[in-house]
Amino acid sequence: MPTKPRTGKENTAEKLRQWQPPEESGARQENTQIIETLECHTGGEPLRIITGGFPELTGTTVLEKRRNCRQHYDALRRALMFEPRGHADMYGAIITEPERENSHFGAIFIHNEGYSTMCGHAVIALAKCAVESGMVAQTGEVTQVVIDVPCGQIHARAFARGKVITRVSFDSVPAFVYAAGQSIFVDGVGQVNFDIAFGGAFYAYVQASSLGLELIPRQQEKLIACGRKIKAAIANKLPVCHPFESDLSFLYGVIFIDDSPVDAVHSRNVCIFADGELDRSPTGSGVSGRIALHIAKEQVSLNQDIIIESILGSQFTVRACEALDYDGYPAVIARVSGQAFVCGKAQWLINEQDPLKHGFLLRQS
Ligand SMILES: O=C(O)[C@H]1NCC[C@@H]1O
């Protein structure tokens, strides 16, 4: 009961706003780990950027730090990705020191299953936040942001209107076709024709209509179920091998492509990656591999922009801006651009006493 008569001017929730973890015999700090984050989305795909409270990762390269995180702090990844702090389709980035002298910072990508090797939607949000926060000093209307990620060095450009970064583009690592014109029988799905390409991560590309799939939100469960089965079957039959780095040698996802160009949009695609996560964005690394495929099939020419949209209709523009040889693979540098927004700032508490402190997922299939 209120002790004083209410004037009607108080903020009813003010006390709640000031809540702090109560001390238990002076042990508040030991009992509760606090992780701070910036909450963003790029084309609808979440990005939880960890800005404070995460343990220092050891290693000199981003791949070494990624291994260190997997070995020692995987429970923290789960706590930050899983319910109740996240959900089955959550995504995050841990900021690290740069690996290369000419890079601004490093990033490790995390999701519901573990650690990815490249993430275009994250790069777009990271470059925006790095410049808007002053972590990378703004240089007029266009600011270069160089980020070390597990698959290599990414060169991003943040485009500003005043102090607001309204768009980001990035040049990725060499993208190439790994195996074209493949076919496999998948239990519960049928015969599946696919190509595999690398755009910082390996994806299998499948024409959605050939399986009777539509790339619309109503079909999300079907898309996830088929994506999972196809990924498992291909990974089992055709293990992928990156030319230089065994840590990059795994099939990350399946990308369903729709075959109906609409107005200026080349097509829609939906990526099912990690453990059945459905990307709300058009998938930056996915469209990088896709442009390598289109160039190889002579469907698109060098420096031709195409627009690819996601299940939500959010768009990335992609072009192949350079052709090169990558250990014998004809490869391209994909330039991808899109928009990100910051939608929150958070302090996550991980309380030792909480039996669900490291999270859980209800959606298993
Ligand atoms: O945009 C991308 O490249 C990422 N989005 C989620 C899955 C991929 O890592």
Side-chain angles (χ1 to χ4, degrees), residues 36-52 62 91-109 118-175 199-200 264 281-285 287-288 291 302-310 314-324 332-345:
E36 289 175 318
T37 62
L38 255 185
E39 306 285 317
C40 308
H41 80 87
T42 306
E45 179 70 357
L47 185 72
R48 174 162 290 165
I49 304 174
I50 294 151
T51 53
V62 172
Y91 207 100
I94 301 166
I95 307 301
T96 72
E97 288 301 309
E99 169 181 335
R100 297 167 183 85
E101 259 177 32
N102 63 345
S103 299
H104 290 104
F105 59 93
I108 291 171
F109 305 124
M118 170 56 186
C119 180
H121 92 269
V123 164
I124 291 170
L126 286 172
K128 173 187 170 77
C129 294
V131 177
E132 287 184 352
S133 66
M135 179 164 101
V136 173
Q138 188 179 342
T139 53
E141 283 175 12
V142 186
T143 305
Q144 309 286 331
V145 182
V146 185
I147 312 174
D148 290 321
V149 303
C151 68
Q153 191 181 42
I154 307 295
H155 293 263
R157 277 165 237 87
F159 298 92
R161 196 180 51 229
K163 298 274 176 216
V164 180
I165 301 305
T166 53
R167 195 164 187 85
V168 170
S169 83
F170 67 86
D171 291 0
S172 195
V173 294
S281 86
T283 311
S285 50
V287 300
S288 302
I291 203 74
L302 209 60
N303 286 316
Q304 180 186 345
D305 276 332
I306 62 169
I307 297 173
I308 296 176
E309 69 176 21
S310 74
S314 57
Q315 299 181 345
F316 284 169
T317 301
V318 57
R319 67 161 72 176
C321 61
E322 189 189 327
L324 68 158
V332 297
I333 298 296
R335 179 168 299 168
V336 180
S337 75
Q339 282 185 299
F341 294 88
V342 178
C343 48
K345 280 175 90 164

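Note that the structure is predicted; figures quoted are calculated from it, not measured.
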Asks: Quick one: does S314's side chain have a donor or acceptor within less than 3.5 Å of a partner on S310's backbone?
Replies: no

Asks: Would you say CD of Q304 has more than 12 non-hydrogen atoms from neighbouring residues, nucleotides or ligands within 6.0 angstrom?
Replies: yes

Asks: What are the two closest heavy atoms between L126 and A107, and how far apart are they?
Replies: CD1-CB, 3.8 Å

Asks: Does S103 reach the main-chain N or O of E99 with its side chain, forming a donor-acceptor pair under 3.5 Å?
Replies: no

Asks: About how many Å separate CZ of R48 and CD of E39, when rounded to the nearest 0.5 Å?
Replies: 4.0 Å

Asks: Strictly distance-based, threshold 3.5 Å: is any side-chain N or O of S133 a donor or acceptor partner for the main-chain N or O of M135?
Replies: yes

Asks: Please check this pair: side chain of D148 against backbone of V62, looking for a donor-acceptor N/O pair closer than 3.5 Å.
Replies: no

Asks: For side chain to side chain contact (heavy atoms under 4.5 Å, CB included), just list the numbers for I154 and V173, CA-CA rounded to whole Å, side-chain angles, deciding distance to a tenth of an Å, and then say yes or no.
Replies: CA-CA 7 Å; I154 307 295; V173 294; 4.2 Å; yes

Asks: M118 and S285: which non-hydrogen atoms are nearest, and at how many Å?
Replies: CG-CB, 3.7 Å

Asks: Is the shortest heavy-atom distance from the side chain of V136 to the side chain of F105 under 4.5 Å?
Replies: yes

Asks: For a 4.5 angstrom cut-off between non-hydrogen side-chain atoms, does V336 reach S288?
Replies: yes

Asks: On a heavy-atom basis, which atom in A127 and which in A158 lie closest, and how many Å separate them?
Replies: O-CB, 4.4 Å

Asks: Looking at E141, I want to see if its CD is surrounded by more than 12 non-hydrogen atoms of other residues, nucleotides or ligands under 6.0 Å.
Replies: no

Asks: Heavy atoms only: give me the nearest G200-C151 pair and the separation to one decimal.
Replies: O-CB, 3.6 Å

Asks: Give a yes or no answer on whether the side chain of Q138 reaches the backbone of G162 with a donor-acceptor pair at less than 3.5 Å.
Replies: yes

Asks: Can you tell me if S169 uses its side chain to pair, donor with acceptor, with the backbone of S337 under 3.5 Å?
Replies: no

Asks: Return the CG to SG distance between N303 and C321, rounded to the nearest 0.5 Å.
Replies: 6.5 Å

Asks: Is it true that D171 and R157 make a salt bridge, defined as a side-chain N closer than 4.0 Å to a carboxylate O?
Replies: yes

Asks: For a 4.5 angstrom cut-off between non-hydrogen side-chain atoms, does L38 reach V342?
Replies: yes

Asks: What are the two closest heavy atoms between P282 and V287, and how far apart are they?
Replies: O-CG1, 3.3 Å

Asks: Would you give the length of the straight line joining atom OG1 of T42 to atom CD1 of I124, rounded to the nearest 0.5 angstrom?
Replies: 6.0 Å

Asks: Please report the interatomic distance CG(L47) to NE2(H41), rounded to the nearest 0.5 Å.
Replies: 11.5 Å

Asks: Looking only at heavy atoms, which two atoms of H104 and Q144 are closest? And how far apart?
Replies: CE1-O, 3.3 Å

Asks: Which distance, rounded to the nearest 0.5 Å, do you find between the SG of C119 and the CD1 of I147?
Replies: 10.5 Å

Asks: Is any side-chain heavy atom of T96 closer than 4.5 Å to one of I108?
Replies: yes

Asks: When you compare the side chain of C40 with that of C129, does any pair of heavy atoms fall below 4.5 Å?
Replies: yes

Asks: With the side chain counted from C-beta on, respond yes when T317 and R167 share a heavy-atom pair under 4.5 Å apart, and no when they do not.
Replies: yes

Asks: Between Q153 and N102, does any side-chain donor sit less than 3.5 Å from a side-chain acceptor?
Replies: yes

Asks: When you measure from the side chain of K128 to the backbone of I165, do you find a donor-acceptor pair of N or O atoms at a distance under 3.5 Å?
Replies: yes

Asks: As an exercise, state the distance from CD1 of I95 to CD1 of I49, rounded to the nearest 0.5 Å.
Replies: 6.0 Å

Asks: For F159 and V168, run side chain to side chain contact (heavy atoms under 4.5 Å, CB included): C-alpha distance rounded to whole Å, both residues' side-chain angles, the deciding distance at 0.1 Å, then the answer.
Replies: CA-CA 6 Å; F159 298 92; V168 170; 5.9 Å; no

Asks: Is the H121-F316 ring centre distance short of 6.0 angstrom?
Replies: no

Asks: I'd like to know if the side chain of E45 reaches the main chain of T283, judged simply by a donor and an acceptor atom lying under 3.5 Å from each other, with no hydrogens or angles considered.
Replies: no

